[in-house]
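Here the structure comes first, spelled out in structure tokens, and everything after it is commentary.
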Amino acid sequence: MSKQHTKLDWYREKLARVIEIGSSSDRLSRGYDFLITAIIIVNLTVSILSTFDSLDAAYGALFDAVEAATVACFAADYVLRLITAKYVYRLEPEWKSVSKYMFSFTGIIDLLSFLPYYLPIFFPAGAVAFRMFRVVRIFRLFRITAYYDSLHAIAEVIVGKKQQLLSSVFIILVLMLGSSLCMYSVEHDAQPDVFENAFSGIWWSVSTLLTVGYGDIYPITTLGRILATIITFLGVLMVAIPTGIISAGFVEQYNRIQANATVAKEQDIHFIKFRLGSNDSWVGQSVHDLHLPHGVILTAIHRDGDVLIPRGDKEFMDGDTIVLGAEPLRDRTKIDLKEIVLLEKSPWNGQLVRDLDISRQTLLVMVKRGNSVIIPKGSTRLKAGDTLLLHTKENLSGSTAVDI
């Protein structure tokens with residue numbers, strides 16, 4: 001039973017890698033991303049085309065069949081994400097991982113993209129109301145921004161500038177209310193039917209501040225027209241604020257990408273690769289729990305033939321191959337190492353590292369044996385033919401200097 005459970009977990013984790021956003025090297029995952037994107041576009045295209053009476057009369061049956069198939073795919077995708085939620089939110093218990101996905105923004109949108117389609121089957125009386133909820137399906141387009149970096153940049157800019165955008169929207173709302181009150185005070189006596197109360201000018205202020213006016217409501221008094229002219233200029237300035245914020249955000253994002261690309265080309269970045277064992281302290285920890293030194297980055301995790309993107313909630317497992325990258329140290333200080341080959345007659349031949357007669361000024365750094373490199377531990381037994389790398393201040397006969 002335990003083996004079956006382990007095998008089931010392995011399949012679930014493999015499935016999670018497929019349905020989550022994959023790297024360009026993971027063909028299966030990228031294929032699933034493209035498939036879901038195509039299904040979303042097809043579903044929305046059919047929803048739009050079915051609103052044309054002539055097209056609906058000619059191809060109504062086809063539209064219904066395509067809608068049924070695409071909605072079924074949305075439902076299947078939702079079920080798969082529930083099953084694999086445990087491997088997306090690894091730090092949480094399974095029930096909490098499932099609920100975390102269900103009540104997230106994407107989880108709610110995923111649910112509403114197919115649930116209104118099936119609800120009339122169980123509640124026929126509410127068919128009209130449920131059909132209105134199908135409009136929510138358009139929000140699945142937000143998933144496409146996660147699949148493509150160029151679209152994801154838009155979301156990053158909006159999220160990064162949300163405080164400034166909220167401030168500008170607040171200013172526009174205050175200006176709208178203020179202009180509505182001012183126009184009511186000026187125009188109420190001249191147009192009591194048009195400006196009936198303080199909020200009757202909201203429509204006028206919205207159409208004036210955000211566009212150039214609709215023409216159904218307009219001031220007729222001289223003071224009202226002067227005030228409307230001032231408010232129109234203020235509206236142009238207010239609308240320009242969020243536009244400028246978003247434009248500046250795009251420029252910053254572009255400069256950041258260009259800077260990263262320049263750094264990647266100009267700097268020599270060194271990489272090391274190592275495998276985690278069951279006794280390593282990293283096993284069971286998540287990426288965001290690591291405290292790597294400044295300048296060191298976790299580049300990739302290689303597991304079961306797959307290359308995983310090291311997101312913050314990704315947990316390390318026994319057998320993972322870890323790739324770390326670091327910038328070269330711009331330090332002129334030399335560290336002199338000595339390299340010696342262990343001979344048969346050497347007193348160290350056959351000795352354990354813990355039993356070696358080494359001075360306090362000497363440290364055994366590495367042992368090279370054949371084509372493998374051994375990190376020396378106390379229980380490591382040295383053999384003839386081993387190449388030893390030592391950090392020492394003593395003069396060793398037969399040694400070769402190695403500069404770092």
> Does a salt bridge link Glu13 with Arg303, judged by any charged N lying under 4.0 Å from a carboxylate O?
Replying inline: yes

> So does Glu94 pair up with Lys100, basic N to acidic O under 4.0 Å?
Replying inline: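 Salt bridge flag = no for Lys100 with Glu94.
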
[atom1]/[X] to [atom2]/[Y] distance, rounded to the nearest 0.5 angstrom?
| X | Y | atom1 | atom2 | value |
| --- | --- | --- | --- | --- |
| Leu55 | Ile48 | CG | CD1 | 12.0 Å |
| Ile108 | Ser113 | CD1 | OG | 12.0 Å |
| Arg81 | Ser104 | CZ | OG | 10.0 Å |
| Thr387 | Met366 | OG1 | CE | 11.5 Å |
| Phe63 | Thr51 | CZ | OG1 | 9.0 Å |
| Ser278 | Asp318 | OG | CG | 5.0 Å |

>> Can you confirm whether Tyr59 is buried at OH, in the sense that more than 12 heavy atoms of other residues, nucleotides or ligands lie under 6.0 Å from that atom?
In response: no

May I ask you to test the [X]-[Y] pair for a side-chain heavy-atom distance under 4.5 Å?
| X | Y | answer |
| --- | --- | --- |
| Asp386 | Val341 | no |
| Leu382 | Gln351 | no |
| Phe274 | Val323 | no |
| Asp320 | Ile322 | yes |
| Asn349 | Glu344 | yes |
| Met317 | Leu276 | no |
| Thr221 | Val186 | yes |
| Leu388 | Leu364 | yes |

>> Here's a test for you: under side-chain hydrogen bond (donor to acceptor under 3.5 Å, both in side chains), which of Thr106, Thr84, Asp110 qualifies with Tyr101?
In response: Asp110

State, to 0.1 Å, how close [X] and [Y] come at their nearest heavy-atom pair, and which atoms those are.
| X | Y | result |
| --- | --- | --- |
| Ile83 | Arg12 | O-NH2, 2.9 Å |
| Gly277 | Val283 | O-CG2, 3.1 Å |
| Val42 | Val66 | CG1-CG1, 3.6 Å |
| Ser97 | Ala85 | CB-O, 3.6 Å |
| Ala75 | Tyr118 | CB-CE1, 4.4 Å |

>> Before you tell me yes or no, could you show the steps for Phe74 and Ile40 under side-chain contact (heavy atoms from CB on, under 4.5 Å), namely the whole-Å CA-CA distance, both residues' side-chain angles and the distance that decides it to 0.1 Å?
In response: CA-CA 9 Å; Phe74 294 155; Ile40 293 172; 3.9 Å; yes

>> Before you tell me yes or no, could you show the steps for Glu315 and Gln285 under side-chain contact (heavy atoms from CB on, under 4.5 Å), namely the whole-Å CA-CA distance, both residues' side-chain angles and the distance that decides it to 0.1 Å?
In response: CA-CA 5 Å; Glu315 282 189 358; Gln285 291 195 48; over 6 Å; no

> Can you tell me if Tyr32 and Asp77 form a side-chain donor-acceptor pair at under 3.5 Å?
Replying inline: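 Note: Tyr32 and Asp77 side chains meet the donor-acceptor criterion.
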
> How would you list, by chain and number, every residue that makes a side chain to side chain donor-acceptor pair (under 3.5 Å) with Lys14, sequence neighbours excluded?
Replying inline: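 Checked Lys14 against side chain to side chain donor-acceptor pair (under 3.5 Å); matches are Asp306.
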
>> Tell me if a side-chain donor or acceptor on Arg381 pairs with a main-chain N or O of Gly350 at a distance below 3.5 Å.
In response: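 Yes; at least one donor-acceptor contact below 3.5 Å.
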
> Under 3.5 Å, is there a donor-acceptor pair between the side chain of Ser185 and the main chain of Leu181?
Replying inline: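 A pair under 3.5 Å: yes.
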
> Step by step, would you call Val353 with Lys377 a side-chain contact (heavy atoms from CB on, under 4.5 Å)?
Replying inline: CA-CA 7 Å; Val353 171; Lys377 299 179 181 178; over 6 Å; no

> salt bridge (charged side-chain N to carboxylate O under 4.0 Å, His left out) with Arg275: which residues, sequence neighbours excluded?
Replying inline: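 With sequence neighbours excluded, Arg275 shows a salt bridge (charged side-chain N to carboxylate O under 4.0 Å, His left out) to no residue whatsoever.
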
> Given Phe316 and Asp280, is the side-chain contact (heavy atoms from CB on, under 4.5 Å) satisfied, shown in steps?
Replying inline: CA-CA 10 Å; Phe316 297 103; Asp280 290 324; over 6 Å; no

